[in-house]
Asker: 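Here it is, the structure, as structure tokens.
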Amino acid sequence: MIQDIMAVARAFAGISLGEEESCSLQTLCEESFIQWGNRLEREWSAEDCASALIPACACSALAAFLTLRAAAAGPAFRVGDVALGEAHGAQQNTAERLRRQAEALMAPYVTPPDDFAFRRVRG
């Protein structure tokens with residue numbers, strides 16, 4: 001299943017990856033598969049929800065890849081009329097959209113993420 005996830009992640013990336021980047025993305029795909037697998041409800045197996053799991057893992061892995069890539073590029077800043085690093089913000093926005101898409105795909109099959117919190121409770 002990891003190879004399927006990797007193929008989808010490469011297709012979503014839409015760019016040619018070098019050997020080092022490909023290895024990094026493979027590792028992120030494997031970790032994403034483990035993380036989503038750990039969140040599956042007891043009644044679901046990876047095979048049962050593969051049609052959602054594969055693209056969700058690809059989205060999560062690609063989001064992590066873009067986040068790491070943007071961090072390695074350094075912060076964005078402006079010098080006069082010249083903007084440097086604007087792609088950094090675009091990559092972060094894309095990564096966040098990919099994370100949300102992965103959560104939406106897997107919502108029927110997983111427990112909510114640990115970072116869930118109520119913002120306001122009437123009492």
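In this chain, residues are counted from 1 in sequence order.
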Asker: I need the R39 CZ to E103 CD distance, nearest 0.5 Å.
Answerer: 4.0 Å
Asker: Test of understanding: with ring pair (Phe, Tyr, Trp, His ring centres under 6.0 Å), list the residues that count as partners of Y109, not counting sequence neighbours.
Answerer: W44
Asker: Using a 6.0 Å cut-off, check whether atom CD of E41 has over 12 heavy atoms from anything other than its own residue.
Answerer: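 Yes, because the 6.0 Å sphere around CD of E41 holds more than 12 heavy atoms from other groups.
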Asker: Minimum heavy-atom separation for C59 and Q101, please, with both atom names.
Answerer: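 For C59 and Q101, the tightest heavy-atom pair comes out as SG-CG, 4.3 Å.
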Asker: Looking at C29 and I2, what are the two nearest heavy atoms and their distance?
Answerer: O-CD1, 4.2 Å
Asker: Do V8 and M1 sit in one hydrophobic cluster, given that two such residues count as connected whenever their side-chain heavy atoms are within less than 4.5 Å of each other, even indirectly?
Answerer: yes
Asker: So which heavy atom on L40 is nearest to which on C49, and how close?
Answerer: CD2-SG, 3.7 Å
Asker: For the pair S24 and R69, evaluate side-chain hydrogen bond (donor to acceptor under 3.5 Å, both in side chains) and give the outcome as yes or no after the intermediate values.
Answerer: CA-CA 11 Å; S24 296; R69 195 175 187 184; over 6 Å; no
Asker: Going by salt bridge (Lys or Arg N to Asp or Glu O under 4.0 Å), name the residues that satisfy it together with R97, two or more places apart in sequence or in a different chain.
Answerer: none
Asker: Report the distance from atom CD1 of I54 to atom CG of D4, rounding to the nearest 0.5 Å.
Answerer: 4.5 Å
Asker: If Ile, Leu, Val, Met, Phe, Trp and Tyr residues are connected whenever their side-chain heavy atoms lie under 4.5 Å apart, and connections chain through other members, are L105 and I5 in the same group?
Answerer: no
Asker: Provide the full list of salt bridge (Lys or Arg N to Asp or Glu O under 4.0 Å) pairs with a residue in residues 42-55, sequence neighbours left out, each pair given once.
Answerer: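 Listed by first then second residue: nothing to list.
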